[in-house]
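Residues take their numbers from the sequence shown, with the count starting at 1. Since the model is a prediction, treat every value here as computed from it, not as a measurement.
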Amino acid sequence: FRSKTLPAYVAEYQLADKMQETARFAIVQRQSEDQVRETIFKVIQDLNIPCKKEDIKVTTSSSGVTISVDYRVPVDLIVYQTELHFTPTSENKALV
């Protein structure tokens, strides 16, 4: 079981880490919601996460940036199939 699910958890951890970094820099660089979404989608593709660009929600305002992703990873455990559901979210507030 662990060998089948571990890669999905590692990918989710890496995605959440990149989301936090992206939210932090998006404020400083004044990136648009589309630019942030594109950055996160590239990470998703690099990590082979089964997620569409439409599943990435980005909200930017003068007070901060919020990024959230909702996706499911199918896992074949030979005896049965299941899905792991992930919803990483990152929020960064502006310092001003």
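- Evaluated for a side chain to side chain contact (heavy atoms under 4.5 Å, CB included) with Tyr71, the options Ile56, Leu15, Leu84 yield exactly one hit, Leu15.
- Using a 4.5 Å cut-off on side-chain heavy atoms (C-beta onward), Met19 and Ile40 make contact.
- Closest non-hydrogen pair, Ala8 versus Val73, comes out as CB-CG1, 4.1 Å.
- Closest heavy-atom contact between Cys51 and Val69: SG-CG1, 3.7 Å.
- Here the straight-line distance linking atom CD of Gln31 with atom OG1 of Thr39 works out to 5.0 Å at 0.5 Å rounding.
- Counting heavy atoms from C-beta on, the side chains of Pro88 and Glu12 come closer than 4.5 Å.
- Taking the charged nitrogens against the carboxylate oxygens, Glu21 and Lys18 do have a contact shorter than 4.0 Å, which makes a salt bridge.
- For the atom pair Ser32 OG and Glu38 CD, the distance stands at 10.0 Å (nearest 0.5 Å).
- Between the OG1 atom of Thr89 and the CG atom of Asp70 there is a distance of 8.5 Å, given to the nearest 0.5 Å.
- Atom CG of Asp55 and atom CZ of Phe41 lie 9.0 Å apart (nearest 0.5 Å).
- Rounding to the nearest 0.5 Å places OG of Ser90 at 5.5 Å from CD1 of Ile67.
- Put simply, the side chain of Ser68 does not reach to within 4.5 Å of the side chain of Thr87, judged on heavy atoms.
- Proximity of Pro7 to Tyr9: side-chain heavy atoms (C-beta onward) are nowhere separated by under 4.5 Å.
- Taking all atoms of both residues into account, the shortest heavy-atom contact from Leu47 to Gln14 is CD2-OE1, 3.1 Å.
- Residue Glu33 holds its CD atom at 10.0 Å from OG1 of Thr66, rounded to the nearest 0.5 Å.
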